[in-house]
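The next block holds one structure in the form of structure tokens; read it before the comments.
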There are 2 protein chains.
Amino acid sequence: MRADARENYERLLVVARDVVAEHGADASLRDVARKAGVGLGTLYRHFPTREALLEALLRTHVDELTARAAEREVSSTDALLTWFRDCVTLNHEYRGVGATLTAALEDSESALHNSCVALHDIGARLLDRAQAEGAARTDIDGTDLFALVAALAWIYDQPSLAPRADHLFDVISSAVLPS
Amino acid sequence: MRADARENYERLLVVARDVVAEHGADASLRDVARKAGVGLGTLYRHFPTREALLEALLRTHVDELTARAAEREVSSTDALLTWFRDCVTLNHEYRGVGATLTAALEDSESALHNSCVALHDIGARLLDRAQAEGAARTDIDGTDLFALVAALAWIYDQPSLAPRADHLFDVISSAVLPS
DNA sequence: ACCTGAACACCGTTCAAGT
DNA sequence: ACCTGAACACCGTTCAAGT
């Protein structure tokens, strides 16, 4: 990649972070290009689809969570809860991004696929441990957890539900980990 | 309302039902007007906002569910589960409509407000009964149930999660009603 | 009273023309 | 190689003109 191209690519991602944080997953791509001081075609060259932009944007975040979970050395149920909370927070950081994250988990074509699988796997391992200890219910797997994460994030995204979102987080996590 | 106006109003709703069923809550309003054989301004006259159209569309459905729940004469936990399932199904009937339904519950300006409150109340009463019998967990209320309904419907709406949606329905309802 | 559709300001996407 | 922005086909929304 040429130096100026790489520069544009980076700048687009930086700007996209802000714009998507403000306007959510359906933010205006034109707006991103404009604020990045870049032609509209340049954005499309680097990110041929909106999903491609979101995937590139989220990949860093997802990898960060995976790394954080990997170095955690606490009791297994605490590690699982922290993983769960971190995932919800990421899903909620950019409004409406849960669909992209859950789709990437299954879609091996996605630029986000490997990152999501890694994050999924580490959560699944924590869940396994908790299940083996009898701390977690045994009728769910890592992908179910991922779905519950995204569903909770959706609740956080709804203005009318946001006030109860923390409570519903507790309800669902206590269903996963009955004390 | 003049006769021709009433006719247009009705036709718009009928067409909207089909279009929203196919394309979800963000369907093209232009498309609705076009298929109804009506000027775009006419649509806007009757439904000044997309939300207004969705609210009118959903009201009938919501009232139906309330009526159905009211005449049910089964054991309380079964009635609660049926209410829960019916609500999820309605939320999923038109993709992306959960936001409208949950917003209407809190927004007294909404044309859907009274209908949603009625549906909420009947569910809340069923939950109360189940809680009194010790069948349902006691740290949630009717509005929490409504939020869980919408979150589940969101899961049903995601192509990658749809295969596990029924299972997650069981997980959440068994968390509400531990057997 | 009610309806219509042109007009406006946006959008996503493509692609010929430039460097 | 890469970038640009005009061009196209859409969209939501408004509103003057019609009946």
Side-chain angles (χ1 to χ4, degrees), chain A residues 1-58 94-97 99-100 103 109-112 159, chain B residues 1-58 94-97 99-100 103 107 109-112:
Chain A
M1 185 143 57
R2 233 166 57 179
D4 55 344
R6 154 127 272 132
E7 236 176 66
N8 283 334
Y9 180 91
E10 305 290 2
R11 185 160 48 242
L12 279 167
L13 268 187
V14 170
V15 171
R17 181 176 305 228
D18 288 351
V19 175
V20 174
E22 188 171 353
H23 295 97
D26 51 354
S28 158
L29 298 185
R30 245 193 174 80
D31 204 26
V32 173
R34 216 155 25 208
K35 283 184 173 136
V38 146
L40 199 41
T42 304
L43 185 148
Y44 274 88
R45 157 176 291 271
H46 288 302
F47 308 103
T49 142
R50 155 175 261 114
E51 275 315 283
L53 177 59
L54 289 177
E55 285 165 5
L57 177 59
L58 293 170
Y94 308 101
R95 181 165 25 97
V97 99
T100 299
E109 301 299 302
S110 163
L112 204 54
Chain B
M1 185 144 57
R2 234 165 58 178
D4 55 343
R6 157 127 270 133
E7 236 175 66
N8 283 335
Y9 180 91
E10 305 289 2
R11 185 160 47 241
L12 278 167
L13 268 187
V14 170
V15 171
R17 180 175 307 226
D18 288 351
V19 175
V20 174
E22 189 171 352
H23 295 97
D26 52 355
S28 159
L29 298 185
R30 245 190 173 81
D31 204 27
V32 173
R34 216 155 24 207
K35 283 183 174 138
V38 146
L40 200 42
T42 304
L43 185 148
Y44 274 89
R45 158 176 289 273
H46 288 302
F47 308 104
T49 144
R50 154 175 263 113
E51 275 314 283
L53 176 59
L54 289 176
E55 285 165 4
L57 177 60
L58 292 170
Y94 308 101
R95 181 165 25 98
V97 99
T100 300
D107 173 18
E109 302 298 302
S110 163
L112 204 54

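No hydrogens, no waters, no symmetry mates; every other heavy atom, side chains included, goes into these values.
Within 4.0 Å (heavy atoms only), B:L29 reaches sugar-phosphate atoms of the nucleic acid but no base atom.
For the pair B:L57/B:Y94, a side-chain contact is recorded, criterion being any heavy-atom separation below 4.5 Å from C-beta on.
Counting to the nearest Å, the C1' atom of D:dC2 and the CD atom of A:E7 are 13 Å from each other. Taking atom CG on A:D26 and atom C1' on C:dC10, their separation rounds to 14 Å, with Å as the unit. The distance from atom CZ of B:R45 to atom P of C:dC2 is 6 Å, rounded to the nearest whole Å. One can place CD of B:E51 at 14 Å from C1' of D:dG12, the figure rounded to the nearest angstrom. Going from atom CG of B:L43 over to atom C1' of C:dT4 covers 13 Å, rounded to whole Å.
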List every contact pair, protein side and nucleotides 17-19 of chain D side both N or O, where the distance is under 3.5 Å.
none

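The heavy-atom pair separating A:L12 from A:A36 by the smallest distance is CD2-CB, 3.8 Å. Residue A:L43 comes nearest to A:L29 through the heavy atom pair CD1-O, 3.5 Å, listed as atom of the first residue, atom of the second, then distance.
For DNA chain D, no neighbouring residue in residues 11-21 of chain A is found when judged by any heavy atom under 4.0 Å.
Within the structure, a side-chain polar atom (N or O) of A:R34 is placed less than 4.0 Å from OP1 or OP2 of C:dC11.
Between the side chain of A:R11 and the backbone N or O of A:K35 there is no donor-acceptor pair closer than 3.5 Å.
For B:E55 and B:T100, the side-chain atoms include no donor-acceptor pair closer than 3.5 Å.
The line from CZ of B:R17 to CG of B:L53 is 11.5 Å long, rounded to the nearest 0.5 Å.
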